[in-house]
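Note sheet for the following structure.
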Amino acid sequence: MTRALVVVDVQNDFCPGGALAVAGGDEVARAISQLLARDTSGGRGIAYDHVVATQDFHIDPGAHFSDAPDFVDSWPPHCRAGSTGALLHDDLDTSRVEAVFRKGQYAAAYSGFEGVSTTVTAEGGELDTGLADWLRGHGVREVHVVGLATDHCVRATALDAVRAGFRTTVLLGLTAGISTATVQAALADLREHGVTLVGDPVLEG
Ligand code: VGL
Ligand code: ZN
């Protein structure tokens, strides 16, 4: 079954030192890089036929930004388009990332399925492709979701993946969350909606 790894929002602002740091975000970046390194050298065949990433990319996202954030629906300004904070973290190996799906330009967008990857056509125009269309176009039937933050963008992306008909697994060892209570709620929600949760990569099949 054609499988993709979806790397959610492993960006500087979600890592220690960033505007909306998630504890362990940089360790997640390194762990994902290690998974990808093992995936091409482990001698068990390649687990991921495709690798894509999502990127929180705010221009003017309205109430998503606040000077008095509640850290549930409003946040300190983060991942501003064009800023260093919006860049994918240096410890994330992006050599196998085939497309980056940007989201949240003018409103909150937690799910990578709200994002688009922009490419330039032969005629010089721009073509936006959503994540679901991209995955289907590449024959993907199954996704493994990793990244930041477990309780927000990973949760929303995995829920949309399963809704869109992809067999969906979240590799919890390659995620980090903002708060324990919302991570617990997210895990219950994911399980209930048919998302498989594993502590370690499941690479068979
Ligand atoms: C996220 C809060 C605000 C995330 C994005 O990537 O989980 N969280 N914007
Ligand atoms: Zn955001």
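Being a predicted model, the structure only gives us computed values, none of them experimental. We count ligands from 1, going down the list as the structure has it; atoms in each ligand are counted the same way. Sequential numbering from 1 along the given sequence is applied to the chain's residues.
- For Q11, the closest heavy-atom approach to ligand 1 does not fall below 4.0 Å.
- A distance-only check finds a donor-acceptor pair linking the side chain of T168 to the backbone of F166 [under 3.5 Å].
- Put simply, the side chain of T175 gets close to the backbone of L172: a donor and an acceptor are under 3.5 Å apart.
- For D56, the N, O or S atom with the smallest separation from the Zn ion (ligand 2) is OD2.
- Atom CG of D67 is surrounded by 12 or fewer heavy atoms from other residues, nucleotides or ligands within 6.0 Å.
- Between I178 and W75, the shortest heavy-atom contact is CD1-CZ3, 3.7 Å.
- The N, O or S atom of H64 with the smallest distance to the Zn ion (ligand 2) is NE2.
- Remark: minimum distance from atom 8 (N) of ligand 1 to any protein heavy atom is reached at H152 CB, 3.9 Å.
- Summarising the local packing, CZ of R30 is surrounded by more than 12 heavy atoms from other residues, nucleotides or ligands at distances under 6.0 Å.
- Residue C153: no N/O/S atom is found under 2.8 Å from the Zn ion (ligand 2).
- A donor-acceptor pair under 3.5 Å is formed between the side chain of S83 and the backbone N or O of A86.
- Residue-ligand proximity, L148 to ligand 1, at heavy-atom distances under 4.0 Å covers atoms 6 (O), 7 (O).
- Residue H64 has at least one heavy-atom neighbour below 4.0 Å for each of these atoms of ligand 1: 3 (C), 9 (N).
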*Could you walk me through whether V146 and V154 pass the side chain to side chain contact (heavy atoms under 4.5 Å, CB included) test, one step at a time?*
CA-CA 7 Å; V146 298; V154 169; over 6 Å; no
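- Residue F14 approaches ligand 1 through these ligand atoms, each under 4.0 Å from one of its heavy atoms: 1 (C), 4 (C), 5 (C), 6 (O), 9 (N).
- Those atoms of ligand 1 with a heavy atom of D9 less than 4.0 angstrom away are 4 (C), 6 (O).
- Across every non-hydrogen atom of L36 and D93, the tightest pair is CD1-O, 3.9 Å.
- In summary, the atoms of ligand 1 found under 4.0 Å from a heavy atom of W75, numbered by their order in the structure, are 2 (C), 3 (C).
- Checking side-chain atoms of D151 against main-chain N and O of G177 turns up no donor-acceptor pair under 3.5 Å.
- Of all protein heavy atoms, the one lying nearest to atom 5 (C) of ligand 1 is D56 OD2, 3.1 Å.
- Listed by atom number, the atoms of ligand 1 under 4.0 Å from C153 heavy atoms are 1 (C), 4 (C), 5 (C), 6 (O), 7 (O).
- Not a single N or O atom of V154, backbone or side chain, sits closer than 3.5 Å to an N or O atom of ligand 1.
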